[in-house]
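Side chains are part of it too, since the values below use all heavy atoms of this structure and drop only hydrogens, waters and symmetry mates.
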Amino acid sequence: MKIYRHGQAAILSHPEIELLFAEGLQSDRDRALFGVCLYTAARIAEACSMLTEDVYTPAGRVRPSVNIRKAATKGKLATRTIPVIEDLRSLLSVWQPHAGKIYLFPGRHPKHHWRHITSDSAAAILREACQRVGIEGASTHSFRRTALTQMSNAGIPLRVIQQVSGHRTLTELQKYLEVSDAQVRGAVASLSMLSYSGKARFHELEPELPSLRLTQSSENLKSQVVENE
């Protein structure tokens, strides 16, 4: 877990996501910004520098898919085109009247329309939002990790997830994905399907703790004494 900006960004649970968007993030801009991060698995720098024309049509409607341009990506590998799901469409529709002329999320100064909000400013906004609702360990990278882990848990092939995430290799992608204890237990439990017929039956295992064995032994001795009397 990330503590004081050190460590790996936490994966957000569904209740935490609801809490953040309902109470933590307090403006349409902030909800739209982190909605882009969550629902497109974008890096924060990619979301901050997204162009308005790549999100809205000239008539002001949200496009069916958004572009994350090659120039904005880490390593400048390739442009990614991500379909817009209904949750993101709703957030972007509310934000549309306030979007910048060039950048989707312009900087603070209204006359500086050629600049966009910075990653550092976005990180500060999220820290305040998390403090507001008592969420620990989250950072701007949590939204990307959460999105990619959710897709993996849903059974989406890694090659498809890589197309969304823009990672150079599957090895890089797998570093983002979190495996829970419940998933490990489920994986091992699935081995019961390999059970074979004709196996021997075994007596119940003895208690692992020596104190329990001693207690049971003393109880057996007492019962024997009573019987002899």
Side-chain angles (χ1 to χ4, degrees), residues 1-3 5-18 20-21 31-51 54-55 62-92 104 119 122-123 126 130 135-195:
M1 185 176 71
K2 200 156 191 165
I3 300 176
R5 307 186 199 180
H6 297 282
Q8 196 167 30
I11 300 291
L12 298 170
S13 67
H14 186 250
E16 286 175 330
I17 290 171
E18 287 193 330
L20 261 178
F21 281 85
R31 284 186 286 271
L33 172 61
F34 291 107
V36 168
C37 293
L38 179 63
Y39 296 122
T40 70
R43 299 176 179 90
I44 188 60
E46 295 170 342
C48 287
S49 60
M50 192 169 285
L51 298 179
D54 285 337
V55 177
V62 180
R63 296 183 184 276
S65 59
V66 298
N67 283 334
I68 300 175
R69 297 198 180 195
K70 176 180 177 179
T73 63
K74 186 177 180 180
K76 297 177 172 53
L77 299 177
T79 296
R80 305 200 306 278
T81 300
I82 312 296
V84 175
I85 66 171
E86 190 56 37
D87 297 84
L88 179 56
R89 181 179 303 281
S90 176
L91 293 171
L92 291 174
L104 181 62
S119 299
L126 181 62
C130 288
I135 293 176
E136 291 187 326
S139 76
T140 55
H141 219 51
S142 291
F143 296 94
R144 180 168 165 84
R145 288 198 70 217
T146 300
L148 299 179
T149 297
Q150 171 61 27
M151 285 187 273
S152 177
N153 292 347
I156 308 301
L158 287 181
R159 184 65 187 86
V160 177
I161 299 176
Q162 185 185 13
Q163 189 73 18
V164 176
S165 71
H167 282 103
R168 190 189 303 269
T169 66
L170 292 177
T171 301
E172 291 177 350
L173 169 61
Q174 287 174 316
K175 294 176 183 178
Y176 275 69
L177 308 181
E178 183 173 89
V179 178
S180 67
D181 292 340
Q183 287 174 311
V184 172
R185 289 194 296 270
V188 175
S190 71
L191 299 178
S192 63
M193 297 178 64
L194 304 177
S195 180

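- To the nearest 0.5 Å, atom CG of residue Asn67 and atom OG1 of residue Thr81 are 4.0 Å apart.
- Between Gly35 and Leu91, the closest heavy-atom pair is CA-CD1, 3.8 Å.
- Relative orientation of the Phe21 and Phe143 rings is perpendicular, given thresholds of 30° and 60° on the angle between their planes.
- Each of Thr40, Leu38, Val55 was checked for a side chain to side chain contact (heavy atoms under 4.5 Å, CB included) with Leu88, and the lone residue meeting it is Thr40.
- Checking each of Asp54, Ile82, Leu104 against Val66 for a side chain to side chain contact (heavy atoms under 4.5 Å, CB included) leaves exactly one that passes, namely Ile82.
- A distance-only check finds no donor-acceptor pair linking the side chain of Arg144 to the backbone of Cys37 [under 3.5 Å].
- Under the 4.5 Å side-chain criterion, counting only non-hydrogen atoms from C-beta, Ile161 is in contact with Ser152.
- In this structure, Arg80 contributes its side chain and Val164 its backbone to a donor-acceptor pair below 3.5 Å.
- In terms of heavy atoms, Val84 sits closest to Ser65 at CG2-CA, 3.8 Å.
- Arg31 CZ to Leu33 CG: the interatomic distance, rounded to the nearest 0.5 Å, is 12.0 Å.
- Atom CG of residue Leu158 and atom CG of residue Leu148 lie 10.0 Å apart, to the nearest 0.5 angstrom.
- Taking OG1 of Thr146 as the start and CE of Met151 as the end, the distance is 10.5 Å to the nearest 0.5 Å.
- Under a cut-off of 6.0 angstrom, the local environment of CD in Gln163 is sparse, with at most 12 non-hydrogen atoms contributed by other residues, nucleotides or ligands.
- Taking all atoms of both residues into account, the shortest heavy-atom contact from Ala138 to Ala10 is N-CB, 4.2 Å.
- Within the model, atoms CD of Glu16 and SG of Cys130 stand 8.5 Å from one another, a figure rounded to the nearest 0.5 Å.
- Atom CD1 of residue Ile85 and atom OH of residue Tyr39 lie 5.5 Å apart, to the nearest 0.5 angstrom.
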